Amino acid sequence: MPMPRRNQAWIWTGRILAALVLAALAAYLVTSGLDKADKVSSAISLLIALAALLAPYLLPTRAPSQPQSPHLPQPQPPQSVEQAGNGVTNVSRSQGVQINQQGGGTQNNTFGGPS
């Protein structure tokens, strides 16, 4: 399920609502007496701690974004390779070459990339 988009109006509405709830709770705790206020605030603290512990397991996760590293060159579309004849291949305009040798080994050459 996709996460809903949040705009500034909903964010400020949530902040104002939270401030009102906290103000009402503070007023109740002040008027109810010290002993009862201590018990109620302990119970509320327990509920908040449980919610904080369970939140990562209950809330949906977002797909991780993969930013492009500024140190790596941007991917380029593949370029054609010119055959020069007699088994010689011109790779002068390519960024890298992979050569598969008959013995099973592979040789990788990178041109113009990070050193």
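As the structure is a prediction and not an experimental result, all values here were calculated from the model.
- The side chain to side chain contact (heavy atoms under 4.5 Å, CB included) test with Ser42 is passed by exactly one of Asp38, Ile44, Leu46: Asp38.
- Around CG of Leu34, the count of heavy atoms belonging to other residues, nucleotides or ligands within 6.0 Å does not exceed 12.
- The heavy-atom pair separating Leu29 from Ala37 by the smallest distance is O-CB, 3.4 Å.
- By the criterion of side-chain heavy atoms lying less than 4.5 angstrom apart, applied directly or through intervening Ile, Leu, Val, Met, Phe, Trp or Tyr residues, Val40 is grouped together with Ile48 in one hydrophobic cluster.
- Proximity of a side-chain donor or acceptor of Asn7 to a complementary backbone N or O of Trp10 within less than 3.5 Å is detected.
- Residues Ala9 and Thr13 approach most closely at O-OG1, 2.7 Å, considering heavy atoms.
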